[in-house]
Number of protein chains: 2
Amino acid sequence: MTTSDAAAGSALGAAAARLRVAVPSVADRVAAELRLQLAEGVLLPGARLTESTIAEDLGVSRNTVREAFAELAAERLVVRHPNRGVFVASLEAGDIHDVYTVRRAIEVSAIRGGGSPERVAAVRAAVEEGKAAAAANDEEGLGNANQHFHGAIVALAGSRRLDTIMSQVLAEMRLFFHKATVDAHFYRGYLPDNEEICNALEAGDLDHAGELLLAYLNRSEERQSAVHGE
Amino acid sequence: MTTSDAAAGSALGAAAARLRVAVPSVADRVAAELRLQLAEGVLLPGARLTESTIAEDLGVSRNTVREAFAELAAERLVVRHPNRGVFVASLEAGDIHDVYTVRRAIEVSAIRGGGSPERVAAVRAAVEEGKAAAAANDEEGLGNANQHFHGAIVALAGSRRLDTIMSQVLAEMRLFFHKATVDAHFYRGYLPDNEEICNALEAGDLDHAGELLLAYLNRSEERQSAVHGE
DNA sequence: CTTTGCCCGATTGTTCAACAATCCGACGAT
DNA sequence: ATCGTCGGATTGTTGAACAATCGGGCAAAG
């Protein structure tokens with residue numbers, strides 16, 4: 001009886017979470033706003049975020065800003081220096097390797113597990129999105145398409161947890177890119193790789209796809225390390 | 001110059017983080033206390049955590065408890081139901097598979113990368129710890145040793161991020177175990193597996209070690225799913 | 001001229017009190 | 001028995017307050 005109660009309880013809870021019509025808490029909205037500014041490069045790595053300033057800028061209480069900071073800190077987008085304030089996270093050399101270690105683990109694992117046809121189609125869609133952006137000389141679109149591509153690969157696994165981990169990693173990398181401007185042809189060279197990986201995936205040659213992806217990630221890390229301080 | 005400044009700044013920041021002599025914020029201590037109670041099963045899945053109660057129990061402000069909740073929610077140990085309160089997370093069938101998907105990704109990836117001799121030694125130490133606990137009929141020790149074993153495997157990769165992800169996943173599983181009491185011989189059957197994996201790792205046969213580990217995780221997931229509601 | 005020590009302003013960490021919004025359960029009407 | 005309605009309890013959010021801590025500037029000492 002207790003088990004059925006618990007089951008019913010969590011089922012309702014899940015339904016509520018699904019049906020909920022977008023009433024995010026104020027702290028969540030503040031966090032979302034800051035996330036946006038971080039992604040767009042309005043807030044650059046190393047920048048300081050003063051509680052009172054943000055509080056009055058956004059018209060909310062300082063305590064609320066504080067809660068938003070906790071969210072962002074948990075996502076590593078921001079670091080807290082006790083008694084000194086919070087600063088936009090700034091990745092250093094070691095972090096690059098660390099981030100790519102995570103990406104190798106979850107992306108390769110996901111692609112080697114294959115995925116439903118719809119999810120494979122999502123990967124293909126990201127490839128096409130990249131080609132379209134390249135044709136239109138849309139550099140920002142190229143970057144987004146690339147992130148969609150890798151996000152779609154992880155989504156193959158169909159794991160909520162892996163998806164959130166990946167999205168956080170991508171957010172970190174986005175932050176990182178703002179530090180050193182990427183040259184115009186940065187992503188363009190990866191388009192053929194993406195397509196080849198996608199081809200292998202569609203052909204069901206998962207081992208090969210995994211190897212290609214792994215090689216891609218290694219090359220990408222090398223390039224990132226070279227571009228930045230090192 | 002700005003780059004050197006930034007580098008110096010983060011270097012100092014890292015040093016400060018390393019040297020800091022344990023002055024965790026109050027919110028952090030509250031979170032730690034709750035984490036402990038969660039791990040020990042004092043707080044069972046589904047239980048409600050009332051802000052005011054915890055606040056006066058621990059002698060801190062409600063806002064501080066709130067911040068601690070944010071930490072725990074980010075770690076998925078607790079779920080927030082808006083306007084209703086926070087509840088100890090309770091994993092359901094789907095979550096088991098999800099958690100094991102994450103474990104497969106990061107543990108297999110880590111072991112296939114090998115690791116420094118010291119880190120391999122740490123894996124061996126966890127195996128011995130398990131054998132000692134088995135000899136002493138220490139069931140709780142067996143469980144801990146098993147978690148140390150898998151933690152040590154992930155630590156092979158030497159990635160801060162992977163380590164924290166793994167520790168969070170292990171915390172989630174710990175929570176999960178409290179739901180259905182595990183029978184006395186639950187872990188004992190895994191001891192030979194652990195040793196065999198460790199042997200392969202020490203022998204440098206990483207592919208084999210990876211396969212063994214993967215098989216182990218699949219079996220483990222199957223068993224967990226069977227034990228619990230299904 | 002450099003270094004040491006000290007103090008001051010600014011910001012964070014934490015608490016407290018208050019109020020609106022929301023939810024749960026009980027009570028009562030139909 | 002079902003459905004509204006109401007009241008109590010808890011959360012969400014705010015504002016203000018105070019101690020603790022930090023960084024920088026200034027002055028004194030070497």
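Proteins come first, then strands; the chains are lettered A, B, ... in the order of their sequence lines, and each starts at number 1. Because the structure is a prediction, the values reported are computed rather than measured.
- Straight-line distance from the CG atom of Asp28(A) to the C1' atom of dT13(D): 13 Å, rounded to whole Å.
- Nearest-nucleotide positions on DNA chain D place Gly59(A) closer to the 5' end than the other of Gly59(A) and Arg62(A).
- Comparing Asn63(A) and Gly85(A), the nucleotide of DNA chain C nearest to each residue sits closer to the 5' end for Gly85(A).
- Rounded to whole Å, atom P of dC22(D) lies 13 Å from atom CZ of Arg48(A).
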Donor-acceptor pairs are to be reported for all side-chain atoms of residues 38-50 of chain A against protein atoms at under 3.5 Å, with residues two or more places apart or in another chain.
from: Arg48(A); atom 1: NH2; to: Arg84(A); atom 2: O; distance (Å): 2.9

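- Listed candidates were dT11(D), dT14(D), dG13(C). Nearest to the side chain of Val60(A) is dT14(D).
- If you look at His150(A) and Tyr216(A), their ring centroids are closer than 6.0 Å.
- A donor and an acceptor atom, one from each side chain of Glu33(A) and Gln37(A), are located under 3.5 Å apart.
- Comparing dC22(D), dT13(D), dT11(D) by their closest approach to the side chain of Ser52(B) singles out dT11(D).
- Inter-residue side-chain proximity for Arg161(B) and Gln168(A) is flagged as unmet; no heavy-atom pair is nearer than 4.5 Å.
- For dT21(D), neither phosphate oxygen OP1 nor OP2 lies less than 4.0 angstrom from any side-chain nitrogen or oxygen of Arg84(A).
- With DNA chain D read from its 5' end, the first of the two nearest nucleotides for Phe69(B) and Thr64(A) is the one closest to Phe69(B).
- Listed candidates were dT13(D), dT14(C), dT11(D). Nearest to the side chain of Ser25(A) is dT13(D).
- Taking OG of Ser167(A) as the reference point, atom CZ of Arg174(A) lies at 8.5 Å (rounded to 0.5 Å).
- Relative to the side chain of Val26(A), the nucleotides dT15(C), dT14(D), dT12(C) differ in distance, and dT14(D) lies closest.
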Are any protein N/O atoms closer than 3.5 Å to N/O atoms in nucleotides 7-9 of chain D? If there are, list each pair with its distance.
none

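- Closest to the Arg80(A) side chain, of the nucleotides dT10(D), dT13(D), dG13(C), is dG13(C).
- Between Arg103(B) and Glu221(B) no salt bridge is recorded (no basic side-chain N to carboxylate O distance below 4.0 Å).
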